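Per chain, numbering begins at 1; letters A, B, ... match sequence-line order. Computed from a predicted structure; not experimentally measured.
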Amino acid sequence: MAKVLTSKEENYSQWYNDLVTKADLAENSAVRGCMVIKPYGYAIWEKMQAALDKMFKDTGHSNAYFPLFIPKSFFSKEASHVEGFAKECAVVTHYRLKNDENTNEIVVDEDARLEEELIVRPTSETIIWNTYKGWIQSYRDLPILVNQWANVVRWEMRTRLFLRTAEFLWQEGHTAHATSQEAQEETIKMMNVYATFAESFMGVPVIKGLKSENERFAGAIETYCIEALMQDGKALQAGTSHFLGQNFAKAFDVKYLNKEGKQEYVWASSWGVSTRLMGALVMAHSDDNGLVLPPKLAPTQVVIVPIYKKDEQLKEISEYAHVLKANLEKLGVTVKYDDRDTHKPGWKFAEYELKGFPVRIAIGPRDMENKTVEVARRDTLEKKLYNQSEVEKVVVDLLSDIQENIYNKALRFREENTRTADNYEAFKDLIENKGGFVYAFWDGTPETEQKIKEETKATIRCIPLDTEEKEGKCVYSGKPAKKRVLFARAY
RNA sequence: CGGGAUGUAGCACAGUCCGGUUAGUGUACCUGCUUUGGGAGCAGGGGGUCGCAGGUUCGAAUCCUGCCAUCCCGACCA
């Protein structure tokens, strides 16, 4: 198992020191759990953004931007929504500072108190629906298919780097529809977009399903999700898509005139994924040598490292390396040629493995003599010699092979760690001693789910969409149950 | 906010129990020479409010009191 993100010591290891660091905001306060995303980490996020953004555009969505601040009154209009988020909100109360004459320190100017407090968005449903009210009059104005790339703040009691930070980057889609069916189709469509992204870009297999009532988004009728399994046997919610019904339309009085000339409330969906996905990427694929990035999301796919003793050797190698780099770039491959003289080849090998570069090409005097190069792949750490005449093709093929291989490896891991429990003793044993996903019958009540959570720390990750209904007995209560649901301990 | 642990150089730690030279090790950093096919070697060098405040003492990183912070486990959660 990879050493990443499993304990304190390892949390601060170099594994993700390249990606992120904790922000040192205050010496003496409750401010915690903020992260600085370093350039290399941000480059990965940009790759994710680009791929997701294209998928959103391809499904008819446009980007827009809404305010960071939400008036408290907007926030409290949807009852279960405000209840769900109330305990984790940052609140703006003042708009000015002043110099204190006595202490000569900068203090909050009490005269500049806001009449109505502003909430720093933990999610944007309220301010967006308040805005949609003005955009929608007729069925001709629908649907509205909008996405926003933004930061949000959730003042969690306990944070965890990448997975649950006080401030995080994400995208949130907010759509408005004329019919319930259309909104539900949108909800499922976006869940599928997320699943496709996770599997074909991140190389992380996911289970698609519905959240139980306990785990549902505050304000949603149904929450769809994708659940992934990390290498330490814990589950991670990787993305959610909510069918909001008419809850927000009613709260913000968003009605449209239908073809029959009748006023009707608008139907809604919202969906989001966050920088948590970077945590998923790290935890799903890393090994003891560091990150393993899927080629489709690696900021740089290939690194070329020259090996030389004399300057003339470097000059000769560099001439070839530049040609190789240009050839690969023509084929759409991103390449870095690292001819720094400040580090030795062995140091560079270790460094690029730590950073997860999918392919490394080493070229030395011996290669120049034999017209070969050494190609190493990150996922298996295999090294092979190839003729210089065939390298370009080899690399292109290798990149798609790596992409496929790391997905298959993660899929195999998930299959090996997915089990079924038919009684509570077996269930507890699996959760406690094996980890991973456990399928078990559930009677469908929140009470049972809560009891199981209290006793085992396992929660229902989702009610999977692709498993058949069949008669069974709840693993906890023994009452009749219709379906096996997916349990796991989760992040 | 409860339970536990920890705070010593950029990072990782030893020293604390049992007070006593100039606070140490690894790594990172700087200089020089030799090196370069898997994180080089040697020599020299810079870097410390020992978390903060108070107390005990001839003398405190070490003992006492208070405070602060961090991490892990819970409650909360993308």
Are [X] and [Y] linked by a side-chain donor-acceptor pair shorter than 3.5 Å?
| X | Y | answer |
| --- | --- | --- |
| Thr459(A) | Arg461(A) | yes |
| Ser124(A) | Gln148(A) | yes |
| Lys371(A) | Asn387(A) | no |
| Asp429(A) | Asn433(A) | yes |

Identify whether the distance between the nearest side-chain nitrogen and carboxylate oxygen of Arg489(A) and Glu432(A) falls below 4.0 Å. yes
Please report, rounded to the nearest Å, how far the [atom2] atom of [N] is from the [atom1] atom of [X].
| X | N | atom1 | atom2 | answer |
| --- | --- | --- | --- | --- |
| Tyr224(A) | A78(B) | OH | P | 18 Å |
| Arg164(A) | C72(B) | CZ | P | 10 Å |
| Arg276(A) | C77(B) | CZ | C1' | 8 Å |
| Lys38(A) | C11(B) | NZ | P | 11 Å |
| Leu354(A) | G39(B) | CG | P | 15 Å |
| Arg377(A) | G38(B) | CZ | P | 21 Å |
| Glu167(A) | A78(B) | CD | C1' | 14 Å |

Is the gap between the ring centers of Tyr132(A) and Phe252(A) under 6.0 Å? no
Could you tell me whether the phosphate oxygens of G74(B), OP1 or OP2, come under 4.0 Å of any side-chain nitrogen or oxygen in Lys457(A)? yes
What's the closest nucleotide to the Glu351(A) side chain, out of G38(B), G39(B), A78(B)? G39(B)
Between protein and nucleic acid, restricted to nucleotides 43-47 of chain B and to nitrogen or oxygen atoms under 3.5 Å apart, what atom pairs and distances do you find?
none

Kindly give the atom pairs (protein nitrogen or oxygen, nucleotide nitrogen or oxygen) under 3.5 Å for nucleotides 30-32 of chain B.
none

If I pick the [atom1] atom on [M] and the same atom on [N], what distance separates them, to the nearest angstrom?
| N | M | atom1 | value |
| --- | --- | --- | --- |
| A28(B) | G39(B) | P | 13 Å |
| U8(B) | A61(B) | C1' | 7 Å |
| C33(B) | C50(B) | P | 38 Å |
| U6(B) | G51(B) | C1' | 11 Å |

Over all heavy atoms of both residues, which pair between Cys89(A) and Pro122(A) is shortest? Give the atoms and the distance, please. SG-CG, 4.3 Å
Between Leu277(A) and Met202(A), which heavy-atom pair has the shortest distance, and what is it? O-CE, 3.4 Å
With heavy atoms under 4.0 Å as the rule, sort Ser274(A) into base, sugar-phosphate or nothing. base
Tell me what Phe217(A) touches on the nucleic acid: a base, only sugar-phosphate, or nothing, going by heavy atoms under 4.0 Å. nothing
Apply ring pair (Phe, Tyr, Trp, His ring centres under 6.0 Å) to residues Phe217(A) and His81(A) and explain how you reach the verdict. CA-CA 8 Å; Phe217(A) 176 74; His81(A) 186 70; 5.8 Å; yes
Any side-chain heavy atom of Leu19(A) within less than 4.5 Å of one from Ile37(A)? no
Is any side-chain heavy atom of Tyr476(A) closer than 4.5 Å to one of Trp442(A)? no
Sort out for me which residue in Leu291(A), Thr300(A), Val292(A) forms a side-chain contact (heavy atoms from CB on, under 4.5 Å) with Phe357(A). Thr300(A)
Counting only Watson-Crick or G-U wobble pairs whose two distances fall under 3.5 Å, which nucleotide matches [N]?
| N | value |
| --- | --- |
| A75(B) | none |
| C29(B) | G45(B) |
| C13(B) | G24(B) |
| U56(B) | none |

Using the ring pair (Phe, Tyr, Trp, His ring centres under 6.0 Å) rule, take Phe349(A) and Trp347(A) through it: C-alpha gap first, then chi angles, then the decisive distance, then the call. CA-CA 6 Å; Phe349(A) 293 171; Trp347(A) 192 94; over 10 Å; no
Classify the side chain of Arg154(A) and the base of C77(B) as holding, or not holding, a donor-acceptor pair under 3.5 Å. no
Restricting to nitrogen or oxygen on both sides, can you table the protein-nucleotides 34-37 of chain B pairs closer than 3.5 Å?
{"unit_1": "U36(B)", "atom_1": "O2'", "unit_2": "Tyr308(A)", "atom_2": "O", "d": "3.2"}
{"unit_1": "G37(B)", "atom_1": "O6", "unit_2": "Gly364(A)", "atom_2": "O", "d": "3.4"}
{"unit_1": "G37(B)", "atom_1": "O6", "unit_2": "Pro365(A)", "atom_2": "N", "d": "3.4"}
{"unit_1": "G37(B)", "atom_1": "O6", "unit_2": "Arg366(A)", "atom_2": "N", "d": "2.7"}
{"unit_1": "G37(B)", "atom_1": "O6", "unit_2": "Asp367(A)", "atom_2": "N", "d": "3.1"}
{"unit_1": "G37(B)", "atom_1": "N1", "unit_2": "Asp367(A)", "atom_2": "OD2", "d": "2.5"}
{"unit_1": "G37(B)", "atom_1": "N2", "unit_2": "Asp367(A)", "atom_2": "OD2", "d": "3.2"}

